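Numbering of residues begins at 1 and proceeds along the displayed sequence. All values derive from a computational prediction rather than experimental measurement. Numbering of ligands and ligand atoms starts at 1, following listing order.
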Amino acid sequence: MRLIIVGPPGAGKGTQGTLLARRLGIPRYSTGDILRQARRDGTSMGLEALRYMDAGELVPDEVILGIVADVLVKEESEDGFLLDGFPRTVVQAEGFRRLLDEMGVELDAIVDLAVDEEEIMQRLAARGRRDDSLDTIRRRLEVHRAQTQPVLDWYANADVRILSVGGVGDVEEIQSDILTRLGL
Ligand code: AMP
């Protein structure tokens, strides 16, 4: 299966995406994780990404599309993959579609994890990652509303199956909701 998992920061994309990918036996790629690794490695991409990430802003689309193009050509992605935290802009969604067209494959579904903003603020403030200061959290939520929410509308217009799943509650129950919605 070829899937993406989206949702506001702190919705549990990493947790649910990891469980889902393991269950389906497909690789999971998180653009956020790849960027954090690039920062730790001190690559030029990591250094460029740093100032955007720490400000709660999105890293430029061409950087992100470069990352995704690289993971899609991996042999392990041949039979399916799960992308976590991508696409976050309509430009990324358009670029992604071109990449999939070139590969001659289609997306099976989008899992949209829904969590309200008050819950998100509490979760992220408790998580304490370096881009989790209150100001940055607020900015990331604004960016999500302004730039990432339209991505779902774009996919709805493109007739891609969007599965909206409530992201509050027991981790295993949320996972089983996702599997049910996927018909598994
Ligand atoms: P995440 O771990 O998915 O919350 O991502 C952490 C940060 O990495 C985000 O706040 C962005 O600065 C950056 N990032 C991750 N994925 C993307 C993406 N698809 N587009 C732009 N920036 C991204």
How far is [atom] from the closest protein heavy atom, and which atom is that?
atom                    : answer
atom 10 (O) of ligand 1 : Arg140 NE, 3.7 Å
atom 6 (C) of ligand 1  : Arg36 NH1, 3.6 Å
atom 22 (N) of ligand 1 : Val59 N, 3.1 Å
atom 14 (N) of ligand 1 : Leu35 CD1, 3.6 Å
atom 23 (C) of ligand 1 : Ile64 CD1, 3.9 Å
atom 16 (N) of ligand 1 : Thr31 OG1, 2.8 Å

Original post:
Got a sec, which residues hit side chain to side chain contact (heavy atoms under 4.5 Å, CB included) with Glu119, two or more places apart in sequence or on another chain?
Top reply: Val115, Asp116, Arg123, Val168
**OP:** Identify, with sequence neighbours excluded, every residue that meets side chain to side chain contact (heavy atoms under 4.5 Å, CB included) alongside Glu76.
**Re:**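 Once residues adjacent in sequence are excluded, the partners of Glu76 under the side chain to side chain contact (heavy atoms under 4.5 Å, CB included) criterion are Pro27, Tyr29, Lys74.
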Original post:
Are Leu141 and Met121 close enough, and set up right, to give a side chain to side chain contact (heavy atoms under 4.5 Å, CB included), and what steps lead you there?
Top reply: CA-CA 9 Å; Leu141 284 170; Met121 291 298 287; 3.7 Å; yes
Original post:
Which one of Glu57, Met53, Arg88 has a non-hydrogen atom at the shortest distance from atom 1 (P) of ligand 1?
Top reply: Arg88
Original post:
Below 4.0 angstrom, N of the basic side chain to O of the carboxylate: do Asp61 and Arg88 qualify?
Top reply: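 Salt bridge absent between Asp61 and Arg88.
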Original post:
Would you call Asp41-Arg36 a salt bridge at under 4.0 Å N-O?
Top reply: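 Here Asp41 does not pair with Arg36 in a salt bridge, since their nearest N and O are not under 4.0 Å apart.
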Original post:
Just checking, any donor-acceptor pair under 3.5 angstrom between side chains of Gln37 and Asp33?
Top reply: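 There is no such pair between these side chains.
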**OP:** Check Leu58 against ligand 1 and report side chain, backbone, both or neither, counting heavy atoms closer than 4.0 Å.
**Re:**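 Leu58 to ligand 1: contacts from backbone and side chain alike.
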Subject >> Atoms in ligand 1 with a heavy atom of Gly32 nearer than 4.0 Å >> reply: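 Once the distances to Gly32 are compared, the set is 2 (O), 5 (O), 15 (C), 16 (N).
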Original post:
Just which atoms of ligand 1 are under 4.0 Å from any heavy atom in Gln92?
Top reply: 18 (C), 19 (N), 20 (N), 21 (C)
Original post:
Do Pro60 and Glu48 have side chains that get closer than 4.5 Å, going by heavy atoms?
Top reply: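 Pro60 vs Glu48: side chains touch.
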